[in-house]
Amino acid sequence: MAVTMATGFHPFSCTRRRSLPLCKASGSICFPSSDSYLEVMKLVRQNFVQEVSFRSNDNNISVVKALLYISMEDEALTSFHGYNNNSLSFPNEKNKNNNSDEILLSGRNISEWLSEFDAITKEVKAELVEREIGCDLVQVIEAVNTVLFNLRGFRRFPLLVDSSYSYLHSVLLSRRGTAIMLSVIYMEIFKRLGLSVVGSPIGEDFLIWPLTQNPDELFKVTSGHNLLAVINGRCIEDPKSRASDLNSQSLLKLDFATNRDIIGICLANLIRLHWKRASKGNRGLMLISPLRPEDQTGDFLHVPCLNAVELQLAIIAAERLLLLQPDKWTLRRDYGMLLYYSRRYDEAVQELSICMAFAPVEEVELLELFVVKLHLMRQFSALQPDSFTRCD
């Protein structure tokens with residue numbers, strides 16, 4: 001069954017997909033069939049494209065809605081391969097009407113997931129009333145932290161600890177997430193409180209802070225920490241982090257991340273995460289290893305066998321990120337390399353050829369050599385297709 005590029009799905013897999021029933025009813029809930037998972041992928045990708053479209057004003061983009069669409073598409077892909085079979089469902093499969101609002105992600109539709117932020121905000125407002133707090137910035141931040149980290153038990157974790165920590169719906173369920181996921185939740189709550197919070201990537205970290213006419217107050221130490229550390233966690237006080245060098249003057253010079261930028265950072269994290277998991281067991285293998293001159297000799301037909309599902313998750317994350325950053329040559333190069341590892345040589349040639357139009361001269365030379373290799377691999381794979389689509 002051929003699936004268009006827009007879905008991000010490709011039929012090749014090193015893993016065996018389990019056969020799923022057409023509709024497994026549980027009360028009024030139906031779990032999707034295999035074909036329905038592909039339909040979900042197409043549908044939510046279209047919704048994602050509409051949400052982040054450059055025809056839209058950036059301020060009108062909902063970061064949390066875009067991240068939920070990402071969760072839905074990735075859950076559909078893993079469910080198609082026989083994992084997490086009950087994570088996606090429809091209230092009634094016969095009447096789903098190609099409407100993403102009808103899709104249930106871990107038992108909730110998009111509107112219900114968005115209402116979770118309303119519930120958190122309501123708890124914060126109750127905390128403010130109890131403390132008889134008005135608009136004091138410090139105390140509002142403390143109230144948000146009390147609800148998120150004390151009452152609800154949210155915790156920050158490094159990116160590569162657990163893949164579920166990088167998906168918004170899983171973070172809301174488990175209360176465990178990466179720093180960028182916690183920042184997204186923080187910003188969404190402040191928006192609902194009518195306060196402006198901005199963010200900016202600093203090295204490996206993404207910092208957020210409330211807009212204030214007096215940035216010095218963000219660096220005042222209270223209870224052993226300044227406000228930036230209270231909001232962003234340990235990176236502010238870690239001497240190994242570039243964020244630890246910030247002061248009120250350097251903070252003012254930072255460019256604010258747009259909503260598209262924030263979604264892009266989350267997608268870049270997913271590419272990094274799933275590539276790491278896909279390549280596990282191939283010690284020292286990097287995404288662009290085959291481009292190095294020393295690796296372009298020897299058996300050019302050999303392609304490392306990676307975890308197919310994790311590799312596909314990295315590929316569809318790269319596809320979505322390219323929608324946001326179509327002219328970024330390093331991203332298109334990485335996308336082409338992911339396609340190469342997935343043995344989709346025709347598409348890899350196409351993407352790497354486009355990449356060469358944007359890449360620096362020294363990189364073009366390496367890419368040209370590799371594309372020649374890909375053309376040969378296409379010819380051999382046409383002659384011996386089984387040997388090029390099987391992982392032993």
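Just so you know, residue 1 is the first one in the sequence shown, and it goes up from there. Quick caveat, the model's predicted, so the values are computed rather than measured.
Taken to the nearest 0.5 Å, the CG atom of Asp261 stands 8.5 Å off from the CG atom of Leu324. The distance from the NZ atom of Lys373 to the CG atom of Leu291 is 9.0 Å, given to the nearest 0.5 Å. Rounding to the nearest 0.5 angstrom, the gap separating the CG atom in Asn145 from the CG atom in Asn150 is 8.0 Å. The CG atom of Leu114 sits 11.0 Å away from the CZ atom of Arg108 when rounded to the nearest 0.5 Å. Taken from CD1 in Ile110 to CD in Glu102, the straight-line distance is 12.0 Å, to the nearest 0.5 Å. How far OH of Tyr335 is from CD1 of Ile316: 10.5 Å, rounded to the nearest 0.5 Å.
For Ser62 and Glu51, the side-chain atoms include no donor-acceptor pair closer than 3.5 Å. Side-chain contact of Ser248 with Asp216: a donor-acceptor pair under 3.5 Å is present, judged by distance alone. There is a side-chain donor-acceptor pair under 3.5 Å between His169 and Glu75. Side-chain contact check for Thr121 and Asp118: no donor-acceptor pair (N or O, by modelled atom type) lies under 3.5 Å. Side-chain N/O atoms of Asp205 and Ser241 include a donor and acceptor closer than 3.5 Å.
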| Audit row: Glu130, Lys125, salt bridge (Lys or Arg N to Asp or Glu O under 4.0 Å) steps and yes/no | CA-CA 9 Å; Glu130 184 177 329; Lys125 289 179 177 178; over 6 Å; no
Report the C-alpha distance between Asn226 and Leu218 in whole Å, list the side-chain angles of each, state the deciding distance to 0.1 Å, and finish with yes or no for side-chain contact (heavy atoms from CB on, under 4.5 Å). CA-CA 6 Å; Asn226 64 36; Leu218 298 174; over 6 Å; no
| request: May I have the step-by-step check of side-chain hydrogen bond (donor to acceptor under 3.5 Å, both in side chains) for Thr212 and Asn214, ending in yes or no? | output: CA-CA 5 Å; Thr212 172; Asn214 181 20; 6.0 Å; no
Does Tyr165 form a ring pair (Phe, Tyr, Trp, His ring centres under 6.0 Å) with Phe157? I'd like the steps, not just the answer. CA-CA 7 Å; Tyr165 298 168; Phe157 286 85; 4.9 Å; yes
Decide side-chain contact (heavy atoms from CB on, under 4.5 Å) for Thr178 and Arg156; before the verdict, give the C-alpha distance in whole Å, the side-chain angles of both, and the deciding distance to 0.1 Å.
CA-CA 5 Å; Thr178 60; Arg156 292 184 181 90; over 6 Å; no
Criterion side-chain contact (heavy atoms from CB on, under 4.5 Å) on Ile288 and Arg333, from CA distance to verdict:
CA-CA 8 Å; Ile288 60 173; Arg333 176 203 62 193; 3.6 Å; yes
Checklist line | Worked verdict on Asp334 versus Ile271 for side-chain contact (heavy atoms from CB on, under 4.5 Å) | finding: CA-CA 9 Å; Asp334 292 350; Ile271 296 171; 5.8 Å; no
**Request:** Apply the test salt bridge (Lys or Arg N to Asp or Glu O under 4.0 Å) to residues Arg45 and Glu319: give CA-CA distance (whole Å), side-chain angles for both, the deciding distance (0.1 Å), then the verdict.
**Result:** CA-CA 10 Å; Arg45 175 65 69 88; Glu319 287 176 358; 3.1 Å; yes
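Between Leu321 and Leu267 the shortest heavy-atom distance is N-CD1, 3.7 Å. Between Ile231 and Trp209 the shortest heavy-atom distance is CD1-CA, 4.4 Å.
Residues Arg176 and Phe154 fail the side-chain proximity criterion, which asks for heavy atoms closer than 4.5 Å. In this structure, Glu363 and Leu366 have side chains that are in contact, with non-hydrogen atoms separated by less than 4.5 Å. Residues Arg272 and Leu159 meet the side-chain proximity criterion, which asks for heavy atoms closer than 4.5 Å. No side-chain heavy atom of Leu195 sits less than 4.5 Å from a side-chain heavy atom of Pro210. Leu67 is not listed as a side-chain neighbour of Phe48, based on a closest heavy-atom distance of 4.5 Å or more.
Lys276 has no carboxylate O lying under 4.0 Å from a charged side-chain N of Glu310, or vice versa, which leaves the two without a salt bridge. Ionic pairing of Arg378 and Asp346 is present here: one or more N-O contacts between side-chain nitrogen and carboxylate oxygen are shorter than 4.0 angstrom. Using a cutoff of 4.0 Å between basic side-chain nitrogens and carboxylate oxygens, Glu188 and Lys191 are scored as salt-bridged. Salt-bridge annotation for Glu204 and Arg242: absent, with no side-chain N of the basic residue lying under 4.0 Å from a carboxylate O of the acidic one.
For Ser244 (side chain) and Lys240 (main-chain N/O), no donor-acceptor pair under 3.5 Å exists by modelled atom type. At distances below 3.5 Å, not a single donor-acceptor pair connects side-chain atoms of Ser53 with backbone N or O atoms of Val49.
A cation-pi arrangement is absent between Arg320 and Tyr69, since the terminal nitrogen or guanidinium carbon is not both under 6.0 Å from the aromatic centre and inside a 45° cone about the axis.
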